[in-house]
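In what follows, a single structure is set out as structure tokens and then discussed.
Residue numbering restarts at 1 for every chain, and letters A, B, ... go by the order of the sequence lines. Every heavy atom of this structure was used, including side-chain atoms; hydrogens, water molecules and symmetry mates were not.
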Amino acid sequence: MIFNSAEFLIFYPLVLLGYFLSPKKWKWPWLLAASYFFYMIWNPPLIFLILFTTAVSYVSAILIEKSESRFKRNFWLTATLVTSLGVLFFFKYFNFLAGSVTSVLNFFDGGERDFALELILPVGISFYTFQTLSYVIDVYRGNIKAERHFGWYALFVSFFPQLVAGPIERPDNLLPQLKAEHRLDAANAWAGLQKMAVGFFKKIVVADLIAAYVNTVYNDAQQATGWGIVIASVLFSVQIYCDFSGYTDIAIGCARIMGIRLMQNFDRPYRARSIKEFWSRWHISLSTWFRDYLYIPLGGNRCSKARHYFNLFVVFFVSGLWHGANWTFVLWGSLHGVYQIVGAITKKPRMKLYAALRIPVESKGFALWQRFWTFTLVCFSWILFRANSISDVGVLLSRLFSPWGSLSATLDTLGFTLVTILITVFSVILLSMLDAIGANEAISEKGTLSRQYTAGLLALIVAVAWCLLLSVGGASAFIYFQF
Amino acid sequence: MDQWDFLLSVDSAENFPWVLLMMLIFSALGALLAFCEHRLRGKWIWLAANAVLTTVAVAVFLALGAGLSELLLYLLLFLFIRLCFVFWEGRGNA
């Protein structure tokens, strides 16, 4: 089930009704049943995969806690990592690896081997696998106690708002909240509804309306012009942000109405002044996961410079691979690793240069300049992320570095009119205003204009945009579902 | 045909210039009502007037044959005006 579907509009109020009306001992079975139903609407048999991952991590965490010798603790941790990552590898990466190997072999001997299996990629597998791994590793490190109640733990793994696209929650944040008694609270309900309205605005009004222009360019790379690639890449940077942060906002809003606070996943990432800062604002739950469970265990920055750069590259390489089984994602992650390494190497010389040239590094103008370059680098990397294949990346980059053609002809090809350009521009401006209001209490709390009316207007806009999308083919799934 | 003429091609509304004009008029009225709501805090009458204005605007656009795109553009414009007031107040209070 996806949030922007008619089924969800019936499902969610029913879940809320059952949650608030049921006694405490019935809350977890109700939410667990609802979460499994939410997942099974898409593909019922794959619920057994979630159950398997849940059971393995539940049992191994208890065994790790009970084990007295270090050897046994290591054994159970390794067994869990191999099992969970093995399942993830099989479903997500087997065909990718098999395809890569066979294409190399076929290239050398002209054969026609095909080792690919007919596998369905289970929605959200990367998200819930990482969530279970963080739980088991935290128990191993002694940061948390192993959960003895299977029901609560299963709910932690499969809590429906964040099951298929995050945020990747940590057990010490989510488990105690799930167990706590929550009553219907007006402040929580209002905050949750506002967050959901903003999420739906991002997804339906901005991301889905922009998607058509982006798809026109990226799904037919051979016909793309330089202008088309630039426009589509800038629009894709807005689309993917709105698509993913919109999902997160709806998830956070859904949980908040139930009194549960999920972690923040985005913090206005395109305001970042460096790639390093970008990653502290983009997909925060994944960035912090990699920091805590991969970067720091590798040695972080408390080692030699060469080792530090290696650690950075490994983290971003793996992050790229996490996003999808395609060389385009690996290239995208690796490029961000290179950005980080170059940023770290050139930091001191750049600071010396700014001082020598007497550039006021704290000025607003300089901040704007840094934001522009960071955004440009991020936009460039999105070309690798969005391209359908490595060969498409080659075509798009060659077009980008050759004459761009006519702007008016490109806009005409993309299907832009005055009205659609104005809708795009206004929706992006409104997006940045809504983000700023969400991030600044001085703006959001002290206004005299009716917030209820403004929220109602936002809901009306979402409804009109939804009708518009339905008239041209219907709502689309969230991009991050495929990861 | 000028190379930029395609921008003015509108499939949904034959009366597009009128729709555009009405959009500007209703937006100006929306700004006026938002200002009144800001000055006379908490007066439900301005809230009701805003709701009536939105309803009338939607009815007028539909009567002029405007499509969902034009309607969406007007609502975005209207929300933009309200958020500008929210920012203006927020900056003053910050």
message: How long is the straight-line distance from OH of B:Tyr74 back to CD1 of A:Ile423, given to the nearest 0.5 Å?
response: 14.5 Å

message: Would you compute the distance between atom CG of A:Leu460 and atom CZ of B:Phe78 and round it to the nearest 0.5 angstrom?
response: 10.0 Å

query: Within a reach of under 6.0 Å around CH2 of A:Trp190, are more than 12 heavy atoms found that belong to other residues, nucleotides or ligands?
result: yes

query: OG/B:Ser69 to CG/A:Leu418 distance, rounded to the nearest 0.5 angstrom?
result: 12.0 Å

- prompt: Just wondering, do A:Phe201 and B:Leu76 contact through their side chains at under 4.5 Å, heavy atoms?
  reply: yes

statement: Honestly, the part of A:Leu457 sitting under 4.5 Å from a heavy atom of chain B is side chain

For B:Phe80 against A:Met433, the heavy-atom pair lying closest together: CD1-SD, 3.7 Å

field: A:Arg261, CZ atom: more than 12 neighbouring heavy atoms under 6.0 Å
entry: no

- prompt: Applying a criterion of heavy atom separation less than 4.5 Å, what residues of residues 54-63 of chain B form contacts with chain A?
  reply: B:Thr54

message: Taking side chain to side chain contact (heavy atoms under 4.5 Å, CB included) as the criterion, tell me which of B:Leu72, B:Leu79, B:Leu73, B:Leu75 meets it with A:Phe426.
response: B:Leu73

message: Under a 4.5 Å cutoff for heavy-atom pairs, which residue among A:Leu209, A:Val464, A:Leu430 has the most contacts with chain B?
response: A:Leu430

message: Quick check on the interface: out of A:Leu458, A:Thr420, A:Leu422, A:Val205, who has the most heavy-atom pairs with chain B under 4.5 Å?
response: A:Leu422

- prompt: chain A: which of B:Leu77, B:Asn50, B:Leu71, B:Leu20 shares the most heavy-atom pairs with it under 4.5 Å?
  reply: B:Asn50

